[in-house]
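Single-structure report; data block below.
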Amino acid sequence: MEARHYPLGGKLPLAFYVRPTTEVARDLLGRRLVCVSGGLTLSGRIVETEAYVGPHDLACHAARGRTPRTEIMFGPPGRAYVYFIYGMHHCVNAVTEPEGHASAVLIRALEPDPGIDGRTDGPGRLCKALGIDRSHNGEHLTGDRLFIIEGDRSAADTEPSASVKTGPRIGVGYAGDWASKPYRYWLADNRWVSRPYSRTMSRYEK
DNA sequence: ACCGTGATAATCT
DNA sequence: GATTATCACGGTG
């Protein structure tokens with residue numbers, strides 16, 4: 001396969017990730033996640049994210065302390081934190097904030113670019129569609145194998161308050177007060193968002 | 001609603 | 001080393 005041309009900007013610099021995690025989560029909307037493996041380049045536009053803001057955040061994996069799995073989150077920012085869960089799914093995060101802070105942004109849904117096979121609405125599904133697995137854990141997001149480019153921020157930039165929605169994170173009901181924090185971000189009315197807000201709320205409130 | 005599936009981490013012997 | 005509960009999900013009904 002020929003090299004693909006990316007008209008929508010270069011890779012996000014390291015400094016992009018060295019900011020408050022909620023800010024990075026919001027700013028990742030509209031960017032493009034790209035995975036290169038073999039001769040194949042697969043990508044999609046990020047339309048949904050979640051912020052996991054640090055060890056004090058009871059929904060964050062780092063809240064259990066430094067373990068082999070969470071090691072990468074305690075390291076330098078701008079790297080991929082990829083974990084395997086429920087015996088069959090991978091999830092990909094971008095490590096944020098200065099080294100040692102242990103925080104990350106979970107990428108929850110993509111609008112697929114041409115060439116993608118399968119669904120990309122959901123953290124497990126998007127990893128499957130792009131071929132992301134634990135071999136990508138610790139990968140530099142400024143590198144050549146798994147990276148994020150500037151992309152198309154138009155929907156998120158023109159009317160930020162109207163086009164970016166927030167709500168509680170999915171599947172973190174165990175996290176006490178932290179479960180209700182509005183750390184989930186998505187592009188309003190985007191068909192690739194993993195769950196409609198109404199369904200999220202009904203699920204959350206029961 | 002129900003459950004597959006296996007890594008992970010805590011808690012034992 | 002072994003046991004157990006848990007899980008940032010997704011498919012099915």
Side-chain angles (χ1 to χ4, degrees), chain A residues 17 20-26 28-29 33 35 44 46-75 77 79-97 101-112 116-139 141 146 148 165-186 191-206:
Chain A
Y17 302 97
T21 305
T22 53
E23 195 176 316
V24 177
R26 184 183 284 268
L28 276 173
L29 296 175
L33 179 66
C35 185
I46 298 169
V47 299
E48 180 186 347
T49 60
E50 280 174 2
Y52 290 86
V53 302
H56 56 296
D57 173 2
L58 296 182
C60 184
H61 288 168
R64 316 272 165 152
R66 192 169 186 146
T67 67
R69 182 178 61 158
T70 61
E71 181 72 18
I72 213 73
M73 264 204 287
F74 286 84
R79 300 224 223 171
Y81 165 46
V82 182
Y83 63 89
F84 187 62
I85 194 168
Y86 294 114
M88 52 190 109
H89 306 296
H90 295 273
C91 294
V92 62
N93 301 248
V95 176
T96 57
E97 311 216 23
H101 181 85
S103 53
V105 174
L106 171 67
I107 299 176
R108 285 198 56 91
L110 303 175
E111 184 173 331
I116 292 283
D117 197 15
R119 295 172 62 177
T120 52
D121 54 330
R125 285 197 277 249
L126 76 88
C127 282
K128 186 182 177 196
L130 266 63
I132 298 168
D133 59 30
R134 273 166 298 179
S135 76
H136 299 273
N137 191 39
E139 202 73 23
L141 294 173
L146 178 64
I148 301 176
K165 300 279 191 190
T166 69
R169 295 168 291 186
I170 305 292
V172 297
Y174 56 85
D177 291 343
W178 291 88
S180 58
K181 302 253 183 211
Y183 288 170
R184 178 181 177 225
Y185 303 84
W186 68 94
R191 66 164 284 202
W192 302 102
V193 168
S194 69
R195 284 183 162 96
Y197 188 55
S198 54
R199 194 143 55 97
T200 299
M201 287 313 285
S202 59
R203 198 183 154 96
Y204 170 71
E205 283 172 5
K206 79 177 161 58

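Protein chains get the first letters and strands the later ones, always in sequence-line order, with residue 1 at the start of each.
- Judged as a ring pair (Phe, Tyr, Trp, His ring centres under 6.0 Å), and not counting sequence neighbours, A/Trp192 has no contacts.
- In this structure, A/His61 and A/Tyr81 have perpendicular ring planes: the angle between them is above 60°, well past the 30° mark.
- Geometric assessment of A/Arg169 against the ring of A/Tyr52 yields a positive cation-pi assignment under the 6.0 Å and 45° thresholds.
- A/His90 meets the ring pair (Phe, Tyr, Trp, His ring centres under 6.0 Å) test with A/Phe84; sequence neighbours excluded.
- One atom, CD1 of A/Ile107, and another, C1' of C/dC9, lie 16 Å apart when rounded to the nearest Å.
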Distances under 3.5 Å between protein N/O atoms and the N/O atoms of nucleotides 6-10 of chain B, please, pair by pair.
unit_1	atom_1	unit_2	atom_2	d
B/dG6	N2	A/Tyr86	N	3.1
B/dG6	N3	A/Gly87	N	3.3
B/dA9	OP1	A/Thr67	OG1	2.2
B/dA9	OP1	A/Arg69	N	3.3

Dot-bracket pairing map - DNA chain C, Watson-Crick plus G-U, both contacts under 3.5 Å, | cross-strand: |||||||.||||.

For nucleotides 11-13 of chain C, list the nitrogen or oxygen atoms of the protein found under 3.5 Å from its nitrogen or oxygen atoms, one pair per line.
unit_1	atom_1	unit_2	atom_2	d
C/dG11	OP2	A/Arg125	NH1	2.0

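- No more than 12 heavy-atom neighbours from other residues, nucleotides or ligands sit within 6.0 angstrom of CZ on A/Arg64.
- Remark: A/Arg79 does not engage A/Glu139 in a salt bridge, criterion side-chain N to carboxylate O under 4.0 Å.
- Between the side chain of A/Thr70 and the main chain of A/Gly65, a donor-acceptor pair closer than 3.5 Å is present.
- Look at OH on A/Tyr52: it is 8 Å from P on C/dA8, rounded to the nearest Å.
- If you take OH on A/Tyr185 and CD1 on A/Ile46, they are separated by 14.5 Å, rounding to the nearest 0.5 Å.
- Distances shorter than 4.0 Å separate none of the side-chain N or O atoms of A/Tyr83 from OP1 or OP2 on C/dC9.
- One finds no side-chain N or O of A/His89 lying less than 4.0 angstrom from the OP1 or OP2 phosphate oxygen of C/dG10.
- Atom CG of A/Asp133 sits about 10.0 Å away from atom CG of A/Leu146, to the nearest 0.5 Å.
- The minimum heavy-atom distance linking A/Leu29 with A/Glu48 is given by the pair CD2-N, 3.5 Å.
- Between the C1' atom of C/dC9 and the CZ atom of A/Arg184 lies a distance of 14 Å, rounded to the nearest Å.
- Looking at residues two or more places apart in sequence or on another chain, you find a side chain to side chain contact (heavy atoms under 4.5 Å, CB included) between A/His89 and A/Ile85, A/Tyr86.
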